[in-house]
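Reviewing the structure listed below.
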Amino acid sequence: MTRFLVALNAGVFIWSLLPAQKYLLAQWGVRPRCYIAPSGCGIALPQEAELLWQPLFGSMFLHGDVLHLAFNMLFLWVFAPGLEEKLGRIKFLVFYLACGIGASLAHIATHPFSGVPAIGASGAISGVLGAYFILLT
């Protein structure tokens, strides 16, 4: 599962560099203001309110630049295999996704009126690091 997540993150990063995807980060980044006041969100998406769940999931696979991706994937590559072995593949994947979504929800709670899109796997990887140190050290 760790290899799959690294490959998925790298693949999404490469895909996000395509000219046709120039609005991807703005549309799929978690903008807290969109959850607090969807009408004042400031992005033009069809059926905007129905799409608010997508950035909670999708934003954790987007990265702003190569270094952002590289450091996140380095920590995932080093610490995730031990945790994945301890939890099993499916539980590890569920845990990883829950940590990423939880980090986005925490960002919304602490910065409710921000319009800046938050992206990256840092929240999910922070959860992996915390669980690693609790369960494996």
Side-chain angles (χ1 to χ4, degrees):
M1 192 58 65
T2 300
R3 290 179 185 168
F4 170 74
L5 288 171
V6 170
L8 181 61
N9 276 280
V12 170
F13 177 73
I14 291 167
W15 180 63
S16 74
L17 297 176
L18 297 174
Q21 304 304 329
K22 65 182 178 180
Y23 298 110
L24 189 66
L25 299 180
Q27 291 175 336
W28 283 76
V30 171
R31 294 174 179 236
R33 180 174 57 201
C34 294
Y35 295 86
I36 303 302
S39 61
C41 186
I43 55 174
L45 290 175
Q47 302 165 347
E48 188 174 305
E50 295 176 13
L51 298 175
L52 290 178
W53 65 270
Q54 292 174 345
L56 292 176
F57 175 76
S59 65
M60 74 179 91
F61 298 101
L62 296 171
H63 292 83
D65 59 30
V66 173
L67 284 177
H68 185 200
L69 174 71
F71 280 109
N72 274 337
M73 295 305 101
L74 174 65
F75 281 94
L76 185 63
W77 189 260
V78 170
F79 293 101
L83 185 61
E84 180 181 347
E85 185 178 321
K86 179 90 170 166
L87 297 178
R89 288 182 179 172
I90 301 303
K91 286 182 183 177
F92 171 76
L93 178 62
V94 170
F95 178 75
Y96 178 88
L97 296 174
C99 288
I101 291 169
S104 291
L105 294 174
H107 177 65
I108 292 166
T110 57
H111 299 85
F113 301 107
S114 174
V116 178
I119 58 170
S122 299
I125 293 168
S126 294
V128 168
L129 290 172
Y132 179 91
F133 288 115
I134 289 170
L135 297 175
L136 298 170
T137 59

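Along the sequence shown, residues carry numbers from 1. Given the structure is predicted, the values throughout are model-derived calculations rather than measurements.
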| request: State plainly whether one hydrophobic cluster holds both V66 and L74, where clusters connect Ile, Leu, Val, Met, Phe, Trp and Tyr through side-chain heavy atoms under 4.5 angstrom apart. | output: yes
| request: Determine whether L56 and I108 make a side-chain contact, defined as any pair of heavy atoms from C-beta on separated by less than 4.5 Å. | output: yes
| task | Taking the side chain as every heavy atom from C-beta outward, state whether E84 and Y96 have any atom pair closer than 4.5 Å. | result | no
| Taking every non-hydrogen atom, the tightest pair across S59 and G29 | CB-CA, 4.2 Å
| Exercise: identify the closest heavy-atom pair between Y35 and P55 | OH-CB, 3.6 Å
| said: For A103, give me all partners under side-chain contact (heavy atoms from CB on, under 4.5 Å), at least two apart in sequence or on another chain. | reply: none
| said: I'd like to check F92 versus T2 (side-chain heavy atoms, cut-off strictly below 4.5 Å). Are they in contact? | reply: yes
| query | Taking all non-hydrogen atoms of both residues, which atom of L83 and which atom of A131 are closest, and how far apart? | reply | CD2-CB, 3.7 Å
| field | Interatomic spacing from NE2 in H63 to CG in D65 - rounded to 0.5 Å | value | 9.5 Å
| said: Is there a path of hydrophobic side-chain contacts, each under 4.5 Å between heavy atoms, that joins V30 and Y23? | reply: no
| said: Strictly by ring-ring contact (aromatic ring centres under 6.0 Å, His included), give each pair with a member in residues 103-130 just once, sequence neighbours left out. | reply: H107-H111
| Hphob cluster co-occupancy, I134 + L76, side-chain heavy atoms under 4.5 angstrom | yes
| query | Taking the side chain from R31 and the backbone from P117, do they hold a donor-acceptor pair closer than 3.5 Å? | reply | no
| said: If I take atom CG from residue L135 and atom NZ from residue K86, how far apart are they, to the nearest 0.5 angstrom? | reply: 6.0 Å
| Which pair of non-hydrogen atoms, one from L24 and one from S16, has the smallest distance, and what is that distance? | CD2-CB, 3.7 Å
| Nearest non-hydrogen partners of M60 and N9, listed with the distance | O-OD1, 3.3 Å
| said: Counting only heavy atoms not in F71 (residues, nucleotides, ligands), do more than 12 fall under 6.0 Å from its CZ? | reply: no
| same_hphob_cluster(F4, V6) at 4.5 Å side-chain heavy-atom cutoff | yes
| L69, L17: one ILVMFWY side-chain cluster at the under-4.5 Å cut-off? | yes
| message | Could you measure the distance from the CG atom of L97 to the CZ atom of F57? Nearest 0.5 Å is fine. | response | 5.5 Å
| request: Just jot down the side-chain contact (heavy atoms from CB on, under 4.5 Å) partners of F75, sequence neighbours excluded, or say none. | output: F79, I125, L129
| query | Can you tell me how far the CD atom of Q21 sits from the CG atom of L62, to the nearest 0.5 Å? | reply | 10.0 Å
| query | Would one find more than 12 heavy atoms of other residues, nucleotides or ligands at under 6.0 Å from atom CD of E85? | reply | no
